[in-house]
Amino acid sequence: MSPAIDTLRLTAAEVNDLLARGETSSQEIFDAYRAAIDERDGELHCFLRLCDGEGRGFRSRSRT
C-alpha cells in the first residue's frame, strides 16, 4: 500500500513521475483527489458537477 497522496502539494509532473515509477496507480490518484474533494467541497463549493465512477476502471496505456 502506498503512503497517503498529498493532493494539496503534489504537482501534475510529480503525479506523472509517481505513475511512471510504479509507486502508485491511476486508481489511487483518482481516489485521493476524490477524497480531497469530498472532504473540502462542502465548505468551499468549488465543483459544479462531480461524476461519480467515471474515473474508475480506466487503465493507463503505455505510449509507443
Side-chain angles (χ1 to χ4, degrees):
M1 177 181 248
S2 63
I5 298 168
D6 186 353
T7 58
L8 290 177
R9 291 172 181 75
L10 198 61
T11 67
E14 291 168 330
V15 168
N16 189 55
D17 291 344
L18 289 172
L19 290 167
R21 291 190 306 263
E23 293 180 23
T24 192
S25 69
S26 57
Q27 187 63 58
E28 289 173 310
I29 297 293
F30 177 87
D31 291 343
Y33 279 98
R34 183 53 199 229
I37 290 168
D38 290 343
E39 181 180 322
R40 298 176 186 102
D41 197 45
E43 177 184 347
L44 301 175
H45 305 291
C46 295
F47 296 91
L48 299 177
R49 179 176 179 207
L50 296 173
C51 302
D52 288 327
E54 289 184 17
R56 298 188 184 284
F58 289 92
R59 298 185 189 272
S60 61
R61 293 178 285 171
S62 59
R63 296 179 186 170
T64 56

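- The side chain to side chain contact (heavy atoms under 4.5 Å, CB included) test applied to D6 returns L8, R9, not counting sequence neighbours.
- Note: D17 CG to T24 OG1 = 12.5 Å, rounded to the nearest 0.5 Å.
- Partners of E14 by side-chain hydrogen bond (donor to acceptor under 3.5 Å, both in side chains), not counting sequence neighbours, listed by chain and number: T11.
- When the side chain to side chain contact (heavy atoms under 4.5 Å, CB included) test is applied to A36, the partners found at least two apart in sequence or on another chain are T7, R40.
- A pairwise comparison of heavy atoms in S26 and L19 identifies N-CD2, 3.5 Å as the closest pair.
- If you take CZ on R34 and CD on Q27, they are separated by 12.0 Å, rounding to the nearest 0.5 Å.
- Taking both residues in full, the closest heavy atoms of L10 and Y33 are given as O-OH, 3.8 Å, listed atom of the first, atom of the second, then distance.
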